[in-house]
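A quick write-up on the structure given underneath.
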Protein chains: 2
Amino acid sequence: MESEGRTGTGGAADGGSRGRSGKADGSAEIDYGELPSYIGYLLRRAQATIFRDFERALGDIGLTPGAFGILMLIRANPGITQMDLANAFGIDKSTLTPVLNRLEAGGLVRREQLAHDRRYNALFFEEARKDFFEHARKRVRQFEQSVADRLAPDEQAELVRLIGKLQAAQS
Amino acid sequence: MESEGRTGTGGAADGGSRGRSGKADGSAEIDYGELPSYIGYLLRRAQATIFRDFERALGDIGLTPGAFGILMLIRANPGITQMDLANAFGIDKSTLTPVLNRLEAGGLVRREQLAHDRRYNALFFEEARKDFFEHARKRVRQFEQSVADRLAPDEQAELVRLIGKLQAAQS
DNA sequence: TATTGTTATACTCTATAACTATA
DNA sequence: TATAGTTATAGAGTATAACAATA
């Protein structure tokens with residue numbers, strides 16, 4: 001149940017006979033222990049990989065995956081307030097502010113203080129940038145498709161279901 | 001294919017009749033559009049949720065999920081070099097350095113410059129902290145179990161398989 | 001020249017706490 | 001008092017580029 005392998009070492013600096021013990025030459029066989037069975041680890045690796053791919057494929061449009069998602073939500077929900085958007089996206093309001101600042105600076109989004117309760121900012125996608133957005137979305141879709149294509153259609157559905165189930169039990 | 005809903009707005013600040021259009025009251029029904037079908041988005045949400053849970057459940061042991069994973073790898077692979085560890089964990093060597101600094105400062109890990117090639121640092125778990133580590137690992141296991149228990153055994157296996165498949169096609 | 005590891009730097013993501021303004 | 005949003009701050013995580021030591 002432990003699968004620790006060569007533990008209990010406490011080892012000295014080793015004088016050369018063991019040397020790098022096959023680990024410093026790139027072709028190493030590393031003992032991952034139970035790590036790959038940890039769902040948190042798996043998700044971190046998967047997410048890092050896909051985010052790197054995203055950046056490589058779409059870095060030139062100047063939107064991070066997060067910023068793009070937020071932009072999509074604003075466009076689909078014109079007039080949404082910052083609090084609702086933060087909640088919907090699963091981040092804190094203070095995390096949202098700088099993202100919106102960048103989107104607004106880039107002319108993609110506009111804040112409008114509500115007249116009847118000036119504490120709220122209603123958010124709107126700038127229709128003047130529609131062409132840019134549609135182009136970006138098309139490329140994001142292609143990217144997502146290329147990721148999804150690694151799985152069969154029923155596997156895609158199953159993955160979505162399993163990830164949802166993983167979070168459903170949460171507080 | 002668009003499912004944009006109420007787009008084409010370009011909307012004015014709205015004078016009150018639409019008001020917050022059911023979006024500023026928390027009970028909002030938000031249009032997520034195609035976002036939930038994006039695997040990158042799903043993974044980000046899932047990972048964020050589980051990392052938050054991890055911190056809440058295990059924050060008192062003073063190890064982040066990443067630091068704990070690295071510690072596990074060092075313990076399972078005594079003498080591993082920093083480059084090999086970074087590659088195994090999927091991060092850059094410069095990202096690893098501060099993590100190791102913290103682990104070493106906490107007395108959990110020791111660097112030993114190899115005698116026959118002093119460019120390399122061999123890494124060792126400090127056996128003196130074995131009790132602490134075993135305690136931490138037990139709790140991490142419990143936590144991982146509580147996450148895994150949200151899925152049936154066959155679902156767990158399937159999730160691992162699907163996530164693996166998602167990354168397999170990568171460069 | 002090439003490689004390991006460190007440092008300098010930068011950026012994103014994330015949060016908490018304190019603040020402003022509004023109600 | 002309570003809420004929306006901003007700001008100040010902090011920390012993890014990530015990377016690239018330049019550097020020192022070593023080979």
Side-chain angles (χ1 to χ4, degrees), chain A residues 19-20 23-26 40-41 43-45 47-56 59 62-70 79-87 89-104 109 111-123, chain B residues 20 23-26 28 40-41 43-45 47-56 59 62-70 79-87 89-104 109 111-123:
Chain A
R20 301 179 315 229
K23 281 191 231 70
D25 63 301
Y41 171 77
L43 290 176
R44 184 201 128 247
R45 290 299 297 260
Q47 204 224 6
T49 300
I50 289 182
F51 269 46
R52 250 192 299 264
D53 291 349
F54 185 100
E55 227 164 73
R56 202 165 35 189
L63 289 174
T64 62
F68 181 79
I70 284 175
I80 191 172
T81 66
Q82 295 190 196
M83 276 301 291
D84 286 347
L85 179 55
N87 289 147
F89 204 63
I91 59 178
D92 191 83
K93 57 188 171 147
S94 69
T95 304
L96 181 60
T97 294
V99 180
L100 291 178
N101 288 346
R102 280 194 294 273
L103 289 175
E104 200 170 37
V109 154
R111 289 167 162 111
E112 285 186 19
Q113 204 173 30
L114 288 190
H116 57 70
D117 188 338
R118 306 218 305 276
R119 289 174 300 184
Y120 293 83
N121 281 343
L123 303 171
Chain B
R20 300 180 313 230
K23 279 189 233 75
D25 63 301
Y41 172 76
L43 289 176
R44 185 202 127 245
R45 290 299 297 259
Q47 205 224 5
T49 301
I50 289 184
F51 269 46
R52 251 192 299 263
D53 292 348
F54 185 100
E55 230 165 70
R56 203 164 36 189
L63 289 175
T64 62
F68 180 79
I70 284 174
I80 191 172
T81 66
Q82 294 190 197
M83 275 302 290
D84 284 347
L85 179 55
N87 288 148
F89 204 63
I91 59 178
D92 191 84
K93 57 188 172 143
S94 68
T95 304
L96 182 58
T97 295
V99 179
L100 291 178
N101 288 347
R102 280 194 295 273
L103 289 174
E104 200 170 37
V109 154
R111 288 168 163 111
E112 286 186 17
Q113 203 173 31
L114 288 190
H116 57 70
D117 189 338
R118 306 217 305 275
R119 288 175 301 184
Y120 293 84
N121 281 344
L123 303 171

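Owing to the predicted nature of the structure, the values given are computational and were not obtained by experimental measurement. Just so we're on the same page: letters track the sequence lines, and every chain starts at 1. Heavy-atom basis, side chains included; hydrogens, waters and symmetry copies ignored.
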List for me each residue that meets side chain to side chain contact (heavy atoms under 4.5 Å, CB included) alongside A:Phe51, sequence neighbours excluded, and say none if there are none.
-> A:Gln47, A:Pro65, B:Arg44

How would you list, by chain and number, every residue that makes a side chain to side chain contact (heavy atoms under 4.5 Å, CB included) with B:Ala86, sequence neighbours excluded?
-> B:Ile91, B:Leu96

Does a side-chain N or O from [X] land closer than 4.0 Å to OP1 or OP2 of [N], or not?
| X | N | result |
| --- | --- | --- |
| A:Asn101 | D:dG5 | no |
| B:Arg111 | C:dT4 | no |
| A:Gln82 | D:dT6 | yes |
| B:Arg44 | C:dT14 | yes |
| A:Arg102 | C:dC13 | yes |
| B:Thr64 | D:dA12 | no |

Protein-nucleotide distance ([X], atom [atom1]; [N], atom [atom2]), rounded to Å:
| X | N | atom1 | atom2 | result |
| --- | --- | --- | --- | --- |
| B:Asn121 | D:dA23 | CG | P | 12 Å |
| B:Glu112 | C:dT4 | CD | P | 19 Å |
| B:Leu85 | C:dT4 | CG | P | 14 Å |
| B:Ile80 | C:dT4 | CD1 | C1' | 14 Å |
| B:Tyr120 | C:dA2 | OH | P | 15 Å |
| B:Ile50 | C:dT14 | CD1 | P | 15 Å |
| A:Phe89 | C:dC13 | CZ | C1' | 11 Å |
| A:Leu63 | C:dT12 | CG | C1' | 14 Å |

Atom of A:Leu63, atom of A:Phe54 and distance for their closest heavy-atom approach |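 Of all heavy-atom pairs spanning A:Leu63 and A:Phe54, the closest is O-CE2, 3.5 Å.
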
Who pairs with A:Thr95 by side-chain hydrogen bond (donor to acceptor under 3.5 Å, both in side chains), at least two apart in sequence or on another chain?
-> none

Apply side-chain hydrogen bond (donor to acceptor under 3.5 Å, both in side chains) to A:Asn101 and list each qualifying residue two or more places apart in sequence or on a separate chain.
->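 If we apply the side-chain hydrogen bond (donor to acceptor under 3.5 Å, both in side chains) test to A:Asn101, skipping adjacent residues, the hits are A:Arg111.
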
How far does the helix from C:dT1-D:dA23 to C:dA23-D:dT1 bend, going by the axes of its first and last five pairs, to the nearest 10°?
->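 It works out to 20° between the end axes.
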
Toward the 5' end of DNA chain D, by each residue's nearest nucleotide, A:Leu100 or A:Ala48 | A:Leu100

Find the distance between OG1 (B:Thr81) and NZ (B:Lys93) and round it off to the nearest 0.5 Å.
-> 12.0 Å

Side chains of A:Phe89 and B:Tyr41: closer than 4.5 Å at any heavy-atom pair?
-> yes

Salt bridge (Lys or Arg N to Asp or Glu O under 4.0 Å) partners for A:Arg118, two or more places apart |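 Per chain and number, A:Arg118 pairs via salt bridge (Lys or Arg N to Asp or Glu O under 4.0 Å) with no residue.
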
Could you list the residues that satisfy salt bridge (Lys or Arg N to Asp or Glu O under 4.0 Å) with B:Arg102, not counting sequence neighbours?
-> none

In this structure, are over 12 heavy atoms from other groups packed under 6.0 Å from B:Glu104 atom CD?
-> yes

Which letters describe nucleotides 15-22 of chain C, given B = protein heavy atom under 4.0 Å from base, S = only from sugar-phosphate, - = neither?
-> BBB----B

